Amino acid sequence: MKQCLADPQRTHFGGGIIVNPEFNQGTKGWTVFGQGAIKEGTSERGNKFIMARSRTQSLDSFSQKVQLEKGKLYSFSAWVQISEGSETVLAVFETPDGKLIHGGKVVAKHGCWSLLKGGLVANFTGLVQILLESKNTKVEIWADNVSLQSFTEEQWRLHQDKSIEKVRKRKVRFQLIYANKTSMEGAIVSIKQIKSGFPFGCGMNHYILKDTNYRKWFPSRFKFTTFTNEMKWYSTEIKQGQENYTIADAMVKFAKQNGISIRAHNIFWDNPKKQPQWVKTLSPEELRKAAAKRMNSVTSRYAGKLIAWDVVNENLHFRFFEDKLGENASAEFYKKAYQLDPNTTMFMNEYNTIESAGDEKANAFQYKKKLKEILSYPGNSAVSLGIGLQGHFDYEQPNIAYMRSSLDILGSMKLPIWLTEVDVKAGPNQPKYLEEVLREAYSHPAVQGIITFAGPKSAGFNEMPLVDNDYKNTAAGDVVDKLLAEWKSSTLETVASSTGFSELSLFHGDYSVTVKNPVTNTLTSVNFKVTNDLPQGTFQVQIDL
């Protein structure tokens, strides 16, 4: 996603339901919100825009009233600039009762235009005022090419389905020929998917070591996991100098025996409250030595056995190590972790980047800023970084429009994005909201994996259990099973044409193909893989019989 352009790019959706979105009619349709004044501006190239001036409060802005309809999703965008410096600018929707709903944000600069992208899901019908907010009242807020486009749930779902068809599947063209290279007309082809190509996993905790039902249930559904607590520092070194990896080692062994890939969580956690008790009282020099020992111990122990490390957990919301060891503490951790385990992706891992439009600490732009700081640290340019988004959603309607805009912004970095700890708080709509979140993530081209922080109720997963104490599915478990089945190609049979060709659209993954010779009725089987790395279009699987 391009940012900081000399001229704003075109208006999305022609402005949607916004009146005078490009300000070609001056400020018609727009009014002052709060104090201050609004004025039409014109660039040196003749482009017209709107300005909010003489601001004394953060919400002093230009605004326009629009009618929202309950149940619809609204995609918002605007090209934004400020009169000096660099500031965060937020999109705000004010309801008739004065409630402020945040719908997106951007770091705007003077001298160039940046795209503010977001949205909201309407849970009421009525008028709202759209405005922009900046806490720095000394700056003027400028905007151009504003858009608010509405979508029904059906339209949004249609877009998701089209995206899934494009980014999660490929057309496969089978060419069936005899040894003499003539086509095998009438051959019966049976295609069975034996493994999904998209990592969809589940959290795992130590109960799996002693619960036989848990040990059977997990690998029957999932081949990817994140341990909830068992690799964390406060679990492996409760007392200084007394490391104990017994539980983590046993869980790693179980995962390996069952073909389950592990995202390691975590090397460090930046939250002061989540340190081992003895770490909290260390001097900076003592902490530096203890952290180096922890890094070498856990990373070297599991090097080559994992697909990812959450290197520093939640270091946009917290800064325990930065306050103690300096601003480059996290960057140094990433550098060292990558040196110790260079074939594993090193993730940041944060909450509220996709869940909450009102959390300014961890929005997509702050996330990008931190990633760039890590990569720019000397020696880190080659570090394989990943974007971890926890995905802890409240019991209220998830803002899927905002979620999509955040994924779009982060996706522009071309780094792997995983939803790492997905859950939805308990409530009557938990299954519905969980499905909405999972569909949005799976359909987004930048997302490369999903882990739900869920599991059996008997193992302590009380917020969003997937099975009850008797290992019968909960409503949330039904959602997960339904989507796992939906996102996998069913066993298919097709008959080769007169030219020996057969074409199918298949989900990414591993497949077994069995071909029945129409003359001899003999069976021949081959395996093949459908991946995202294959070129667009079709490829051939040639079978000589």
Side-chain angles (χ1 to χ4, degrees), residues 11-40 48-80 89-106 115-135 137 140-156 356-360 394-405 429 433 436:
T11 310
H12 292 174
F13 308 110
I17 60 177
I18 295 293
V19 174
N20 190 21
E22 299 175 353
F23 305 99
N24 293 327
Q25 301 177 61
T27 59
K28 179 182 177 182
W30 297 87
T31 58
V32 175
F33 186 92
Q35 305 300 316
I38 61 174
K39 182 181 177 182
E40 177 188 350
K48 295 181 179 180
F49 56 93
I50 194 170
M51 301 185 290
R53 313 178 71 186
S54 304
R55 302 172 57 248
T56 59
Q57 303 293 325
S58 63
L59 290 171
D60 290 347
S61 179
F62 36 78
S63 71
Q64 184 170 134
K65 287 186 177 181
V66 295
Q67 178 78 13
L68 301 187
E69 295 182 46
K70 184 176 181 179
K72 284 192 173 183
L73 299 95
Y74 292 84
S75 179
F76 176 80
S77 64
W79 287 89
V80 181
V89 176
L90 300 91
V92 179
F93 300 84
E94 187 194 48
T95 64
D97 60 0
K99 181 181 179 182
L100 300 177
I101 302 171
H102 290 92
K105 55 184 73 69
V106 71
L115 179 62
L116 194 166
K117 195 172 183 184
L120 78 163
V121 179
N123 57 11
F124 67 93
T125 296
L127 287 172
V128 299
Q129 289 202 86
I130 302 177
L131 59 139
L132 300 184
E133 175 185 9
S134 173
K135 288 183 168 58
T137 58
E140 298 177 358
I141 303 174
W142 304 352
D144 198 3
N145 296 356
V146 183
S147 172
L148 186 71
Q149 178 68 17
S150 65
F151 298 90
T152 64
E153 290 183 359
E154 292 76 16
Q155 290 170 329
W156 199 269
S356 174
D359 190 335
E360 294 186 36
D394 210 338
Y395 53 83
E396 297 179 340
Q397 172 78 48
N399 189 345
I400 300 300
Y402 177 77
M403 177 181 172
R404 180 177 294 183
S405 69
N429 293 311
Y433 295 163
E436 289 177 2

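The basis for the numbers below is simple: all heavy atoms, side chains too, and nothing from hydrogens, waters or symmetry mates. One is the number of the first residue; the rest follow in order along the sequence. Predicted model only: the values in this text are computed from it and were never measured.
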| Stepwise, does the side-chain contact (heavy atoms from CB on, under 4.5 Å) test hold for V128 with V66? | CA-CA 6 Å; V128 299; V66 295; 3.6 Å; yes

| Can F23 and V146 be said to form a side-chain contact (heavy atoms from CB on, under 4.5 Å), step by step? | CA-CA 9 Å; F23 305 99; V146 183; 4.1 Å; yes

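A side chain to side chain contact (heavy atoms under 4.5 Å, CB included) with S147 is found for one member of E22, H12, K117 and no other, namely H12.
Between the N145 side chain and the W79 main chain, no donor and acceptor come within less than 3.5 Å of each other. Under the 3.5 Å distance criterion, the side-chain polar atoms of D144 are left unmatched by any main-chain donor or acceptor of F49. Formation of a donor-acceptor pair under 3.5 Å by the D60 side chain with backbone atoms of G34 is not found in this model. Without hydrogens or angle criteria, T152 side chain to Q155 main chain gives a donor-acceptor distance under 3.5 Å. Under a 3.5 Å cut-off, the side chain of Q64 and the backbone N or O of V19 do form a donor-acceptor pair. W30 places a side-chain N or O within donor-acceptor distance of the main-chain N or O of N20, the cut-off being under 3.5 Å. Without hydrogens or angle criteria, N399 side chain to G119 main chain gives a donor-acceptor distance under 3.5 Å. Put simply, the side chain of T11 never gets that close to the backbone of G15: no donor and acceptor are under 3.5 Å apart. Checking side-chain atoms of Y74 against main-chain N and O of E69 turns up a donor-acceptor pair under 3.5 Å. Of the possible polar contacts, one joining the R55 side chain to the S134 backbone as a donor-acceptor pair under 3.5 Å is found.
Salt bridge annotation for E360-K105: absent, with no cationic side-chain nitrogen under 4.0 angstrom from a carboxylate oxygen.
Side-chain contact check for L116 versus F76: some heavy-atom pair is nearer than 4.5 Å. Side-chain contact between T56 and T137: absent, with no pair of heavy atoms (C-beta onward) separated by less than 4.5 Å.
Taken from NZ in K135 to CG in L59, the straight-line distance is 8.5 Å, to the nearest 0.5 Å. Rounded to the nearest 0.5 angstrom, L148 CG and S75 OG are separated by 8.0 Å. For the atom pair CG of L90 and CG of L131, the computed distance is 10.0 Å after rounding to the nearest 0.5 Å. From F93, atom CZ reaches atom CD1 of I101 across 8.0 Å, with rounding to the nearest 0.5 Å. In this structure, the separation between OG on S77 and CZ on F13 is 7.5 Å, given to the nearest 0.5 Å. In this structure, F62 CZ and L132 CG are separated by 4.5 Å, a value rounded to the nearest 0.5 Å.
Counting non-hydrogen atoms of neighbouring residues, nucleotides and ligands closer than 6.0 angstrom, the CD atom of Q67 exceeds 12 such neighbours. The local environment of CZ in F124 is crowded, with over 12 non-hydrogen atoms from other residues, nucleotides or ligands closer than 6.0 Å.
Side chains of S58 and E133: a donor-acceptor N/O pair is present below 3.5 angstrom, by distance only.
Taking each heavy atom of S61 and A52 in turn, the nearest pair found is CA-CB, 3.8 Å. The shortest non-hydrogen separation linking M51 to E40 is CE-O, 3.9 Å. Contact between V121 and Q397 at its shortest, heavy atoms only, is CG1-CG, 3.8 Å. Summarising the geometry of A357 relative to G104, their closest heavy-atom pair is CB-N, 4.3 Å, with the distance given to 0.1 Å.
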